[in-house]
Structure formats: structure tokens, C-alpha cells
K.L.:
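Just dropping this structure here.
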Amino acid sequence: MARKDVSEPDIVSTALARNRLGVPSVVFFGVAGAAPLTVVIGAITTIYAVVGNTAVPVVYLVVAGILSIFTVGFVAMSRHIVNSGAFYSYISHGLGRIPGVGAAFVALPAYAMMQIGLFGLFGVVASGVLDGLGFTVGWFTCAIVAWALVFVLGMLWVDLSGKVLAVLLVAEIVIVLIYDIVMVANPAGGSVSFSTLSPTRVFTPEVAAMMVLAIAGFVGFEATVVLSEEAKDPKKTIARATHWAVILAGLLCGLSAWAMSVGAGPGNIVAAAKAEQTDLVFTLVSPHVPEALINIGYVLFMTSIFAALLAFHAAVSRYQFALGREGVLPRAWGYTHPRTGAPIVGSLAQSLLALVVIVVYRFTGADPLIYLFAWLTVVGGLGVLILMWSASAAVIVFFVRHRHQENVWRAKVSPIIAFVLLSIILAATVYGLGDLLQIEPGSMFHWLFPTGYAVFAIVGFVWAIVMRAARPEVYAAIGRGADGGFIADAPRLKGSHTEPISARAMMAAAREPSPPPREMPSLTHELPPLPRDMPPMQGLPGDRSARRDIPPRPGDPPTLRDVRSAPPEHSPWEAPPEPSRWQ
């Protein structure tokens, strides 16, 4: 029996599970990351209470519009680049490989902090729910149980996680809509007011801070692109799912913020939010619904946080997988489970990191709501905002180089608008980060976290430069994914495979020496010289092209003149290849 060559890697263990997720499943991952019920109960109430402005509903709708504009160029790029590295891959294609690796080193801590911070919120909420049922369980125990479930699901089939998210998210959306209908059906003062939806309320000094807080509630929708390699028909599925994730999250948050203002009254909503905090929604609907529906709401609040935990875990582990597969991280990160297709080392690494952080917070006695949830998710959201801003610039540059790939709206107008708007929001976030973290004016944490992201990015730049010098074949494959390249990179022959040529295959082909050209035998010494008095040749026997007075007969073979004058055959290339970016 022939022995298998152990040097060849198992193709299943180096690829994610293909064709597992349709549009609904990817939407569930994106919306679950945004956690609409968590935003409605926690974030919206916090903005009302902290900022003291009633423009929250229209602010959420405006932010949804801004992110929708960003999504146009973002998903246009997803039709040309299929890579679980998402922001890292897009930025490397648009701005270059060195900025791409810098973006990867920003993405890893950003998404990790977003996921780990949610364990603090889950622990507190789950502890409160169990306390209401008569069980006394600390936040740490609840967080550990959630950690174990996420750890197990993260190692299983991605479509199984999608089904879990589908059940949780559908129930979550249903309860949000029921609460909204109840609040609108029972308005304060007896009449429904639309004053909090007035566009004029946007033009107030507090809007910048409100947008910063509101955009944090959308973080997670962009994680749909991380699932591109596992989606069915990724060039269509990811684009549709990302648009739907933004629209659903925006409508749910905007509608719920307005319904809360109707239930409490536009003039009383700020005072009610300060008094009730995260219990505001339950306080407004409890007089009008059975107690069981309130209890279900608390349980779904807990499962909403768990769904976000699972969605962010999938995003972080797939980022690490993409970097390991391309050699930016150690190669061990680039392997997947041979049966489930889940990224093994990436999932384990994120789970172990989360466990360490949870244990440290437990033994230090730090408040899990403030220092674990609020701080880590706000700082993680800052990192994701930096990635969105960089990706907008990358989209602009990418389509400047490849003008024919998309129309003007997708390739130029929307990315430029998104870049300008995100620049304003990012500047406001960095400037007001201390207020978001609720720290003293002179605290070092005002500048520590933005500086930390700058340090991570610089480390990524330096590492990319080192790879370019020491491992050029790895550097060439940065951001190119499993199949390498993108639609504009490689010309295709008629009848060839529809996927781009692999970056690694092209590099390997470039390293292989070309065979020496075959020498043609010389004929000059084999033929005798022609006689000097020989008349010029008038054509070969039977060649009617030598005599112009004899027309060709039907059935005659083509002559030399016919061959020279015939139009050239159609080129085997479907279109002239663009200048290759591969060196």
C-alpha cells in the first residue's frame, strides 16, 4: 500500500467550511453582533440619561444612513475580494500590504475587547434574572457558563451557530416589536407625539456625542464579511446580508427610541431614563402586559448578549485564521477542524484570552459593568471605527485603480461621503473618549487607548516590512485569501475556472526556472546554392496565386495570399488583461 506523503497538508484542515451560510444566516450573525435588544434596553436609555437630549430616535436613523452609505462601497469591494480577513484584506488591496497588516493588528484587539467586555454584562444580567427566580448566583459564575457555551459552539459547525442565533434573534426582534407597539398604544398624555423624530433636532451641540454612542450600537454588522468564505455565493450573499443587517438594526433602534419617548412623554423621557436606567422599557410596558411577558423580556435580554458573544467570537477567530493562513501569524492559526471547518487555534486563543481576563476581573473585584463591559466595549468600538474609516479610504483607492469594476455611485461617491462623515465621527470619538469612559479630565486614559491602537498599527507596519525583506513569498500573499488575487488581478482564458489565479501558485510559478529554448537546426549548409541564371520563381506547381489571370476554382485549397489577407482569429483572451499587481 502506497504511503501518503505527509508533507502535503490536508486540504480540509486548511480551509473554512464552504457553502454553509445563506443570506438569512449571515444576517443573523450581523444583527446579533449589533444586539438590538441590548441596545434598546441599555444603550438608548443611557444616551437619554447621560446626554439629556431627546433627539435619540433621529440620531439612530441618521447613523443608520451614514453606515448604509459606508456599506455601499464596503460590500461593492466584497464582490471582488472573498476573504475572511475582511477589513485587513480590503485595506491591503486598497492601501497596500503594509497598511493592511497594520489594520490586522488593530482589528485583533478591537474585536477581542468587544467580545470579552460582553461577558461582564452577561454575568450581571444573568445573575439578576436568576435572582428574580429565587437563585443566588454571582456574575462570575454566570459569565463562566456563557464562556463554556461559546467555547463549545465556536468549535462546531458555523451553520449550527447560525441556527442558534436565528432562534435567539427572531425571539429578540419579536419582543422588541411587542414592547414598541405597547408603548405607542399607551402614550403619555393620551396622544402620540412625533417631535423626537424631527430632523431639526440633529442641529444641536450634543449630536456629535450622541452619534458616537449610537454608532457603538451598530458595531458587529460589518462582521458579515468575515463569513464570506463560508457563505453560499459570497459575492451576492455578503452584500445583501450586510445591507439587511444595517437596515434592520437601524430601524429597530430608531423605532424603539421613538416608542420610548412616546410611552414616557417627550418632556419626561430624560428624567425617566435617569430614574429607571436599564429598567425603563420594562417600567413603561409592565402596566399593560402580563408579568410573564416582562420575565420573557429579561430572559431575552440575557440571550441577546449571548448571541452577540457568539457572533464576535466567530469574527475574532476567523480574523486569526485568515492571518495564520497567509503567514502573518504563525501557521498553526491557519488550520481548521477537519470535520466542522471551524478555526481551531483562533477559537482556542480567543477563549483562553477571555477566560484569563474574566478571572483577573474576578480576583481584582472590579465592577464588571463599568470596567469590564463599558470600558472594553467602548475602546473596542473605537478600534472598529478606525477600521471603518481606513476601509473607506481603501475602497476609494481600490476603485480608482479599477474604474471599470463598479459604477460611479459605488466606486466614488458613496465611499468619499462615508470617508468624510466617518472622519468627523472618529475625531469626535477620540476627543470625547474620556466622557464616554466617565473618567476624570486629567486621567491618562484620555490618551492611553488611542495611543495603544497607534502602537499596534506601527507594530503591524514594522512586521510587514520585515516579511517583505525576509519572506517575500509570504508578503506577496498578504490579504489575498485562499484563492488569491481578485477579479481584476488575473486574466482568464475562455472555459477556464472562474476563480482568480492563486497568489501562491503565481509566486511558485515565478520561482520555477523556464526550460531552455530548443535550438533550430541550421539549414544553410544543407541546401546547395541556387544557379545565378535561374529565373525568378513564379510560384509552386498548382499554386494559382502566382498567376493573376486565373481565378480560383471552387474547392481549391487556400493560397498563401488568402492566408495573409484573412482576418485574425479571435484571441483566446476574453478581454485584454489589466496590468498585474503581482511583481
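Being a predicted model, the structure only gives us computed values, none of them experimental. Throughout, residue positions are numbered sequentially from 1 according to the sequence presented.
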K.L.:
Give a yes or no answer on whether the side chain of Glu172 reaches the backbone of Leu37 with a donor-acceptor pair at less than 3.5 Å.
P.N.:
yes
K.L.:
Is there side-chain contact between Val59 and Asn53, with at least one heavy-atom pair below 4.5 Å?
P.N.:
no
K.L.:
Does any non-hydrogen side-chain atom of Val101 lie less than 4.5 Å from one of Phe461?
P.N.:
no
K.L.:
When rounded to the nearest 0.5 angstrom, what is the spacing between CG in Leu252 and CD1 in Ile247?
P.N.:
12.0 Å
K.L.:
For the aromatic rings, using the six-membered ring if either is Trp, is the centroid distance between Phe87 and Phe74 under 6.0 Å?
P.N.:
yes
K.L.:
Donor-acceptor pair, Ser92 side chain versus Ser89 backbone, under 3.5 Å?
P.N.:
yes
K.L.:
Tell me if the CH2 atom of Trp333 is crowded by more than 12 foreign heavy atoms within 6.0 Å.
P.N.:
no
K.L.:
After noting the C-alpha distance and the side-chain angles of Met388 and Leu426, does the key distance pass the side-chain contact (heavy atoms from CB on, under 4.5 Å) rule?
P.N.:
CA-CA 10 Å; Met388 289 183 186; Leu426 178 59; over 6 Å; no
K.L.:
Below 4.5 Å, heavy atoms only, C-beta onward: do Ile425 and Ile66 meet side chain to side chain?
P.N.:
yes
K.L.:
Flag the pair Met114 / Val316 as yes when at least one side-chain heavy-atom distance between them is below 4.5 Å, and no otherwise.
P.N.:
no
K.L.:
Using every non-hydrogen atom in the two residues, find where Val40 and Thr45 come nearest and quote the distance to one decimal.
P.N.:
O-OG1, 3.8 Å
K.L.:
Report the distance from atom CZ of Phe105 to atom CH2 of Trp463, rounding to the nearest 0.5 Å.
P.N.:
7.5 Å
K.L.:
I need the minimum non-hydrogen distance between Pro415 and Val395, along with the two atoms involved.
P.N.:
CG-CG1, 3.5 Å
K.L.:
Roughly how far apart are Glu473 CD and Met467 CE, rounded to 0.5 Å?
P.N.:
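So the CD of Glu473 and the CE of Met467 are separated by 10.5 Å.
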K.L.:
Nearest 0.5 angstrom please: Leu118 CG to Leu309 CG, how far?
P.N.:
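Rounded to the nearest 0.5 Å, the CG-CG separation comes to 5.0 Å.
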K.L.:
Are Trp258 and Tyr60 close enough that their ring centers fall under 6.0 Å?
P.N.:
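Aromatic pair excluded; centres sit 6.0 Å or further apart.
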K.L.:
Test Leu387 against Tyr111 for side-chain contact (heavy atoms from CB on, under 4.5 Å), laying out the working first.
P.N.:
CA-CA 11 Å; Leu387 293 172; Tyr111 280 105; 4.1 Å; yes
K.L.:
Pair Trp447, Leu433 - check side-chain contact (heavy atoms from CB on, under 4.5 Å), show working.
P.N.:
CA-CA 8 Å; Trp447 53 265; Leu433 186 62; over 6 Å; no
K.L.:
Looking at every non-hydrogen atom in both residues, tell me the closest pair between Ser390 and Leu95 and how far apart they are.
P.N.:
O-CD1, 4.0 Å
K.L.:
Does a side-chain heavy-atom distance below 4.5 Å link Val474 with Val328?
P.N.:
no
K.L.:
Less than 4.5 Å apart, side chain to side chain, heavy atoms only: is that true for Ser198 and Val58?
P.N.:
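Side-chain contact under 4.5 Å: no.
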K.L.:
Compare all side-chain heavy atoms of His446 with those of Ile439 and state whether any distance is below 4.5 angstrom.
P.N.:
yes
K.L.:
Can you give me the closest heavy-atom contact between Pro266 and Thr54, atom names plus distance?
P.N.:
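Nearest heavy atoms, Pro266 then Thr54: O-CG2, 3.5 Å.
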K.L.:
Between Ser304 and Leu300 (side chain of the first, backbone of the second, donor and acceptor by atom type, cut-off under 3.5 Å), is there such a pair?
P.N.:
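No, the answer is negative, given that no donor and acceptor are paired below the 3.5 Å cut-off.
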K.L.:
Check for me whether Arg97 meets the cation-pi criterion with Tyr475, that is, NZ or CZ under 6.0 Å from the six-membered ring centre and within 45 degrees of the ring axis.
P.N.:
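The answer is yes; both the distance and angle limits are met.
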K.L.:
Please name the pair of heavy atoms, one in Leu67 and one in Ile215, separated by the smallest distance, quoted to 0.1 Å.
P.N.:
CD2-CD1, 4.0 Å
K.L.:
Measure across Ala411 and Phe399 and return the closest heavy-atom pair with its distance rounded to 0.1 Å.
P.N.:
CB-CB, 3.5 Å
K.L.:
In Å and rounded to the nearest 0.5 Å, what is the CD to OG distance from Gln320 to Ser347?
P.N.:
9.0 Å
K.L.:
Hey, does the side chain of Arg471 reach the backbone of Val466 with a donor-acceptor pair shorter than 3.5 angstrom?
P.N.:
no
K.L.:
Are any side-chain N or O atoms of Ser256 and backbone N or O atoms of Cys253, one a donor and one an acceptor, separated by less than 3.5 Å?
P.N.:
no
K.L.:
Please determine whether side-chain contact (heavy atoms from CB on, under 4.5 Å) holds for the pair Val379 and Tyr453, giving the CA-CA distance in whole Å, both sets of side-chain angles, and the decisive distance to 0.1 Å.
P.N.:
CA-CA 10 Å; Val379 175; Tyr453 279 125; 3.8 Å; yes
K.L.:
May I ask you to test the Ile116-Gln350 pair for a side-chain heavy-atom distance under 4.5 Å?
P.N.:
yes
K.L.:
Take a 6.0 Å sphere around CZ of Phe449 and say whether it holds more than 12 heavy atoms from other residues, nucleotides or ligands.
P.N.:
yes
K.L.:
Other residues, nucleotides and ligands only: do more than 12 of their heavy atoms fall within 6.0 Å of CH2 on Trp375?
P.N.:
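More than 12 heavy atoms, drawn from other residues, nucleotides or ligands, come within 6.0 Å of this atom.
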K.L.:
Less than 6.0 angstrom separating the ring centers of Tyr319 and Tyr88, yes or no?
P.N.:
no
K.L.:
Which distance, rounded to the nearest 0.5 Å, do you find between the CD1 of Ile465 and the CD1 of Ile98?
P.N.:
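Interatomic distance, Ile465 CD1 to Ile98 CD1, rounded to 0.5 Å: 4.5 Å.
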